[in-house]
Participant: 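Got a structure for you, written out below as structure tokens; questions coming shortly.
Side chains are part of it too, since the values below use all heavy atoms of this structure and drop only hydrogens, waters and symmetry mates. Chain identifiers are assigned alphabetically (A, B, ...) following the order of the sequence lines, protein sequences preceding nucleic acid strands; residue numbering begins at 1 within each chain. All of these numbers come straight from a predicted model, not from anything done at the bench.
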2 protein chains.
Amino acid sequence: MKKYLDILSRCPLFNNINEENLLVMLDCLGAKIIAFDKKYTIFADGHPAKFIGILLSGAAQITRVDYYGNRSILSGIEPGDVFGEDFACAEVSSLPVTIISTEPCEVMLIDCGHILHTCKNNCGFHQQLIFNLMKNLATKNIMFHQKIEITSRRSTREKLLTYLAYQAKKSGSNSFDIPFDRQELADYLEVDRSGLSAEISKLRNEGIIESNRKHFELI
Amino acid sequence: MKKYLDILSRCPLFNNINEENLLVMLDCLGAKIIAFDKKYTIFADGHPAKFIGILLSGAAQITRVDYYGNRSILSGIEPGDVFGEDFACAEVSSLPVTIISTEPCEVMLIDCGHILHTCKNNCGFHQQLIFNLMKNLATKNIMFHQKIEITSRRSTREKLLTYLAYQAKKSGSNSFDIPFDRQELADYLEVDRSGLSAEISKLRNEGIIESNRKHFELI
DNA sequence: CTCCGTTTGTTGAAATTTCAACAGACTTAT
DNA sequence: ATAAGTCTGTTGAAATTTCAACAAACGGAG
């Protein structure tokens with residue numbers, strides 16, 4: 001467990017909990033670490049939503065596939081990100097999304113019941129954990145607001161430009177890489193891939209962006 | 001304050017806090033009650049996100065208006081619902097949405113700073129409040145998942161049918177009223193109003209739904 | 001370095017959505 | 001009850017998106 005302390009201490013879920021106490025707490029919570037290959041389903045749609053996941057290394061995505069096979073990507077997951085906590089904390093009976101690894105990765109799993117239903121008053125760190133979970137959920141809420149702002153735009157061009165503006169802001173530069181390939185970006189923006197490629201070309205010809213594969217630059 | 005105890009006790013934020021303690025706590029938190037007329041801006045886009053709102057009576061909506069004047073409705077707010085807590089808890093500097101009353105209404109306002117930054121350990125009810133806030137945020141997260149599931153559908157028809165299926169489930173019947181007029185429904189589904197009206201007529205002609213204004217019935 | 005599978009860009013046709021404009025139904029105020 | 005204003009449904013044209021198919025570019029394996 002110790003080798004993960006570095007990434008865990010950067011996880012917002014463990015803010016204000018020092019390393020020593022963190023190890024004790026993780027033990028008490030029954031935290032497990034599991035490794036997954038690339039393109040492996042970490043949590044499957046329809047299964048119980050008991051566990052909170054924390055990505056320790058690699059990369060993953062939250063996706064949903066509808067009736068007709070259209071994939072929708074809700075968000076990418078990077079090391080230090082928490083996933084599944086919204087469903088586990090809301091105690092929904094089954095997951096409406098699938099979490100899938102896009103790179104080989106390591107995941108820490110914590111049974112959310114241990115957080116919600118036990119030791120509620122006698123442990124200071126447990127209170128801090130609830131508080132951190134609350135802050136984390138609020139932040140995730142903001143992320144969904146942004147996703148909705150992006151996808152609520154009516155045209156492919158507007159969706160793309162809104163997304164790129166957020167990515168530029170996030171990276172702190174007008175030159176940045178995105179975590180999606182074309183098909184994934186289309187599935188995140190909820191648009192057609194070929195139309196998205198065409199729109200990227202158009203923006204490039206108009207001198208509004210420079211781009212090459214996953215690299216973009218706003219002019 | 002006492003006249004609102006009934007609705008407050010049904011607010012998820014105050015679960016497991018009895019009425020007597022609730023009154024003391026609200027006083028301690030400096031809760032205020034304000035009345036608004038219809039079509040009044042309760043929280044304005046761009047303003048600080050300090051307050052948590054609880055709708056006591058009437059109705060309101062969370063909306064966003066873009067660049068070009070397109071309105072997007074993120075959700076309706078009913079009595080007992082909490083709003084603004086996501087932004088206040090995430091401590092964003094300014095609100096990215098506007099909360100607007102659609103009926104005359106009464107709102108309880110609580111400065112979120114009082115919840116996040118004071119009295120963190122010495123008050124049992126305060127801990128319960130944080131816990132409730134966490135659950136509430138998780139539930140709101142699920143709501144956004146549903147909104148995204150609805151609007152990520154590619155056609156007006158699919159968006160509408162997905163929305164109606166959720167409303168039917170929520171009401172527990174295939175016959176129900178929706179809280180939006182046509183323009184509002186279009187702004188919630190992120191589609192064109194006239195196209196939406198046309199689609200509703202089509203579904204009616206095909207015998208898939210019955211509808212009259214805000215009343216719908218799935219066949 | 002070459003081959004092969006994958007990703008990206010391009011294109012034209014079909015389907016859908018948006019836009020603008022208007023008429024009829026409904027609601028509210030007087 | 002009437003009038004004014006709002007909401008809903010309808011329509012055709014314009015714009016956009018989706019779909020299918022293919023070619024070019026890229027990247028990894030051997």
Side-chain angles (χ1 to χ4, degrees), chain A residues 37-39 61 66-73 102-104 150-164 177-206 208-217, chain B residues 37-39 59 61 66-73 102-104 150-164 177-206 208-216:
Chain A
D37 282 340
K38 191 171 174 172
K39 296 192 181 177
Q61 292 174 343
D66 75 15
Y67 234 57
Y68 308 105
N70 295 316
R71 176 180 65 169
S72 169
I73 296 178
T102 52
E103 300 292 336
I150 291 167
T151 57
S152 71
R153 295 292 156 94
R154 297 305 172 78
S155 68
T156 298
R157 163 179 287 233
E158 281 298 317
K159 288 181 192 186
L160 175 61
L161 287 174
T162 306
Y163 172 74
L164 292 177
D177 289 337
I178 64 171
F180 299 132
D181 65 28
R182 284 291 174 279
Q183 184 63 61
E184 290 171 334
L185 181 57
D187 291 344
Y188 179 83
L189 300 179
E190 326 278 12
V191 299
D192 178 69
R193 182 197 62 78
S194 70
L196 173 61
S197 268
E199 202 59 49
I200 289 172
S201 300
K202 219 158 132 192
L203 285 167
R204 210 161 25 206
N205 290 335
E206 294 174 20
I208 296 173
I209 66 173
E210 299 278 348
S211 84
N212 185 284
R213 304 239 151 187
K214 294 185 174 185
H215 185 77
F216 285 82
E217 194 170 341
Chain B
D37 284 338
K38 191 172 173 171
K39 297 194 180 176
Q61 292 174 343
D66 75 14
Y67 234 60
Y68 308 106
N70 295 316
R71 177 180 65 170
S72 169
I73 296 178
T102 52
E103 300 291 337
I150 291 167
T151 57
S152 71
R153 297 291 156 95
R154 297 304 172 80
S155 68
T156 298
R157 163 178 286 233
E158 282 297 317
K159 288 181 192 185
L160 176 60
L161 287 175
T162 307
Y163 172 73
L164 292 177
D177 289 337
I178 65 171
F180 298 132
D181 64 28
R182 284 291 173 280
Q183 184 63 60
E184 289 171 335
L185 181 57
D187 291 344
Y188 179 83
L189 300 178
E190 325 278 11
V191 299
D192 178 69
R193 181 196 63 78
S194 70
L196 173 61
S197 269
E199 201 60 48
I200 289 172
S201 299
K202 217 158 134 192
L203 286 167
R204 209 161 27 205
N205 290 335
E206 293 173 20
I208 297 172
I209 66 172
E210 299 276 348
S211 83
N212 184 282
R213 305 236 149 190
K214 294 185 173 184
H215 186 77
F216 285 81

Participant: If I take atom NZ in residue A/K202 and atom C1' in nucleotide D/dT17, what distance separates them, rounded to the nearest angstrom?
Facilitator: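 Going from NZ in A/K202 over to C1' in D/dT17 covers 11 Å.
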Participant: State which of D/dA20, C/dC19, C/dG9 makes the closest approach to the side chain of B/S194.
Facilitator: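 Ranking D/dA20, C/dC19, C/dG9 by closest atom to the B/S194 side chain puts C/dC19 first.
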Participant: Within the structure shown, what part of the strands sits under 4.0 Å from A/R193 by heavy-atom distance: base, sugar-phosphate, or nothing?
Facilitator: base
Participant: Mind calculating the distance between CD (B/E103) and C1' (C/dT27) to the nearest angstrom?
Facilitator: 14 Å
Participant: Answer yes or no: does a side-chain N or O of A/R154 lie under 4.0 Å from OP1 or OP2 of C/dT17?
Facilitator: no
Participant: Check the distance between D/dG9's P and B/K214's NZ and give it to me in whole angstrom.
Facilitator: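 It works out to 13 Å between those atoms.
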Participant: Could you tell me the separation between the CG atom of A/L185 and the C1' atom of C/dT8, rounded to a whole number of Å?
Facilitator: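 From A/L185 CG to C/dT8 C1': 12 Å.
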Participant: Using heavy-atom distances to pick each residue's nearest nucleotide on DNA chain D, tell me which of A/E199 and A/R213 is more 5'.
Facilitator: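 Looking at the nearest nucleotide for each, A/E199 comes out on the 5' side.
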Participant: Contact class for B/S197 vs. all strands (heavy atom < 4.0 Å): base, sugar-phosphate, or nothing?
Facilitator: base
Participant: Quick test of your reading of the model: are A/E206 and A/R157 salt-bridged, counting only N-O distances below 4.0 Å?
Facilitator: yes
Participant: At what distance, to the nearest 0.5 angstrom, does CD1 of A/I73 lie from CD of A/E190?
Facilitator: 9.0 Å
Participant: From CG of A/L189 over to P of D/dT17, roughly how many Å is that when rounded to an integer?
Facilitator: 12 Å
Participant: What nucleic acid atoms does A/D192 come within less than 4.0 Å of, heavy atoms only: base, sugar-phosphate, or nothing?
Facilitator: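 Base contact.
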Participant: Classify B/R157 by what it touches in the nucleic acid, base, sugar-phosphate, or nothing, heavy-atom distance under 4.0 Å.
Facilitator: nothing
Participant: Once hydrogens and angles are ignored, does a donor-acceptor distance under 3.5 Å link the base of C/dA15 to the side chain of B/S155?
Facilitator: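 No, no donor-acceptor pair under 3.5 Å.
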Participant: Give B/T156 one of three labels, base, sugar-phosphate or nothing, depending on what nucleic acid heavy atoms sit under 4.0 Å from its own.
Facilitator: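 Touches sugar-phosphate only.
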Participant: When the distance from CZ of B/R153 to C1' of C/dT16 is rounded to whole Å, what number comes out?
Facilitator: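 Computing the B/R153:CZ to C/dT16:C1' distance gives 17 Å.
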Participant: Measure CD/B/E190 against P/C/dT16 and give the value in whole Å, please.
Facilitator: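 That distance rounds to 21 Å.
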Participant: Flag the pair B/D66 / A/E158 as yes when at least one side-chain heavy-atom distance between them is below 4.5 Å, and no otherwise.
Facilitator: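 Side chain of B/D66 against side chain of A/E158, heavy atoms only: no contact under 4.5 Å found.
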Participant: Measure the NZ-OG1 distance between B/K38 and B/T102 for me, rounded to the nearest 0.5 Å.
Facilitator: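 That separation rounds to 8.0 Å.
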Participant: Whole Å only: how far is the CD atom of B/Q183 from the P atom of C/dA20?
Facilitator: 13 Å
Participant: For a 4.5 angstrom cut-off between non-hydrogen side-chain atoms, does B/Y188 reach B/Q61?
Facilitator: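 The answer is no; the side chains never approach within 4.5 Å.
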